[in-house]
Amino acid sequence: MTTISVIKADIGGLVGHTGVDPDILSFFEEGLKEESIFDDFFVGWAGDDIALILSHNKGENHPEVHRIAWELFKEAAELAKDKKLYGAGQDILKDSFSGNVKGSGLGVAEMEFEERPSEPIVVFLMDKTEPSAFNLPLYKMFADPFNTPGLIIDKGMSKGFRFLIYDLVNNKQAHFETPEESYALLGYIGDRHYAIKKVFARSEKFPEKEPVASVSTEKLSLIAGRYIGKDDPVAIVRAQSGLPAVGEILEAFSHPWLVAGWMRGSHIGPLMPVPMEKANPSRFDGPPRVVALGFQVNDGKLEGPVDLFDDVAFDRVREKANEVADYIRLHGPFEPHRLPAQDLEYTTLPDLQERYKERWQPIE
Ligand code: F6R
Ligand code: MG
Ligand code: MG
């Protein structure tokens, strides 16, 4: 069995919240080379977030795999502090390691599977948004025949898929099967407080417990109980032969969907698909970005990556994202550009209520 673990954090930005420091990327590369537990690895990034893409045979939630990632992020945070990078150490919420990275501030997407004769995967990295930003694209990939014709014309997909959904506010989970339960599924995942955690194939070609997609769903603001940075998510999606083709997976990003995040984690803006080298969100700390790295898994080795949004076919989506950014920015501090009060990552509302409480009188 092969396990792919993508473990990520923002441990300090260069400059501000727009990018990562090349020395810190080299630190991770050198550090991971020393570890014999991994069959292969790749250090990716999007904006100010670094993602360790790790291949091994230890299964999900393995203490040693998580410990290595945790220690590297913690040491890197110290380097970031030495360099006075911005927000150095911001996602490191705990002082000591407690068996796995859950609740530590690191984000994690993992899946264990039996490698097929050929195993293409796509690893997505997002910056300036949140886990539920994957809801719409994952629904399109695995449940919408207007995006994925394979759902109709590939026999291997005709049974549909099963979605594991997390209720991020109440810490609950539920499964929904498509196509039969698509309306119920959409009823939930249309709401940002629910996030798709995993997708499973219903075809007997795939073992019931083997995920075909997995998303990091940590929400830093909920973990810490106060604002300490956006929970920029990552995801792993398997492709082809009874699953959506690589092109069907990428087609789900052919429109700049509106997502929550952007400036101060408090605004709605368009999600722009970009090559990794262009994932430096600088305009109004955005707009939010998504990077897609394609690998062929080869007995645990990661052949690649291919930077999949580095294609002129995505130029128009990027142009459209810029137009949408111009349009929505004009709304300034008004909803729906600004998030509703209860979802703001920063707020002065309690102070305002206190300062002006005498001014508010019953309407005459
Ligand atoms: C959003 C984000 C940035 C910061 C903004 C203010 O996820 O990270 O937009 O919120 O740059 O940052 P501070 O409060 O650190 O000055
Ligand atoms: Mg940041
Ligand atoms: Mg970030």
Side-chain angles (χ1 to χ4, degrees), residues 6-22 24-25 28 43-53 73 76-77 79-81 83-93 101 104-109 123-134 168 192 215-224 226-235 258-274 276-291 293 325 328-329 331-333 337-339 343-349 351:
V6 184
I7 305 185
K8 55 90 32 186
D10 170 356
I11 44 98
L14 177 75
V15 169
H17 289 280
T18 65
V20 290
D21 182 313
I24 302 256
L25 293 177
F28 280 106
V43 180
W45 58 274
D48 52 7
D49 291 271
I50 295 176
L52 311 182
I53 302 168
F73 275 111
L79 287 181
K81 284 178 194 161
K83 292 191 110 181
K84 290 185 74 175
L85 296 184
Y86 195 69
Q90 70 161 49
D91 285 358
I92 305 289
L93 303 181
V101 296
S104 67
L106 272 52
V108 52
V123 175
F124 289 100
L125 314 177
M126 288 188 182
D127 187 40
K128 302 295 180 278
T129 187
E130 59 182 2
S132 56
F134 277 111
L168 299 173
R192 317 176 19 242
V215 181
S216 69
T217 50
E218 289 69 23
K219 281 191 72 83
L220 284 181
S221 47
L222 292 183
I223 295 171
R226 67 190 163 88
Y227 180 70
I228 33 77
K230 266 245 102 54
D231 34 305
D232 308 313
V234 293
L258 291 172
V259 296
W262 207 349
M263 175 55 75
R264 297 177 186 278
S266 303
H267 293 84
I268 296 288
L271 181 63
M272 186 189 268
V274 286
M276 195 163 78
E277 294 301 325
K278 303 271 182 202
N280 286 108
S282 54
R283 178 184 178 187
F284 198 57
D285 286 358
R289 303 299 155 107
V290 55
V291 170
L293 302 175
I328 202 161
R329 275 296 300 125
H331 294 74
H337 182 31
R338 196 212 75 179
L339 290 182
D343 291 338
L344 292 173
E345 303 274 11
Y346 294 58
T347 186
T348 48
L349 208 61
D351 306 338

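All residue numbers in this chain count up from 1 along the given sequence. Please read all numbers here as calculations on a predicted model, not as lab measurements. In each ligand, atom 1 is the first atom listed, and ligand 1 is the first ligand listed.
With respect to the salt-bridge test (charged N to carboxylate O, under 4.0 angstrom), the residues Asp285 and Arg264 do not qualify. Checked for salt-bridge contact, Arg289 and Asp127 miss the test: no charged N lies under 4.0 Å from a carboxylate O.
The Mg ion (ligand 3) does not have Asp10 among its coordinating residues (no N/O/S atom, backbone or side chain, under 2.8 Å). Counting backbone and side-chain atoms alike, Asp232 contributes no N/O/S atom closer than 2.8 Å to the Mg ion (ligand 2).
Heavy atoms of Gly265 approach ligand 1 to within less than 4.0 angstrom.
Side-chain contact between Thr18 and Tyr86 is absent, with no heavy atoms from C-beta onward closer than 4.5 Å. Here the side chains of Arg329 and Trp262 are in contact, with some heavy-atom distance below 4.5 Å.
Residues that satisfy the side chain to side chain contact (heavy atoms under 4.5 Å, CB included) test with Ala133, not counting sequence neighbours, are Met126, Thr129, Val259.
Sorting the N, O or S atoms of His17 by how far they are from the Mg ion (ligand 2) puts ND1 first. Nearest N/O/S atom of Asp48 with respect to the Mg ion (ligand 2) is recorded as OD2.
Between the choices Gln90, Lys128, Glu130, the shortest heavy-atom distance to atom 2 (C) of ligand 1 belongs to Lys128.
Checked by distance only, ligand 1 and Tyr346 come closer than 3.5 Å through their nitrogen or oxygen atoms.
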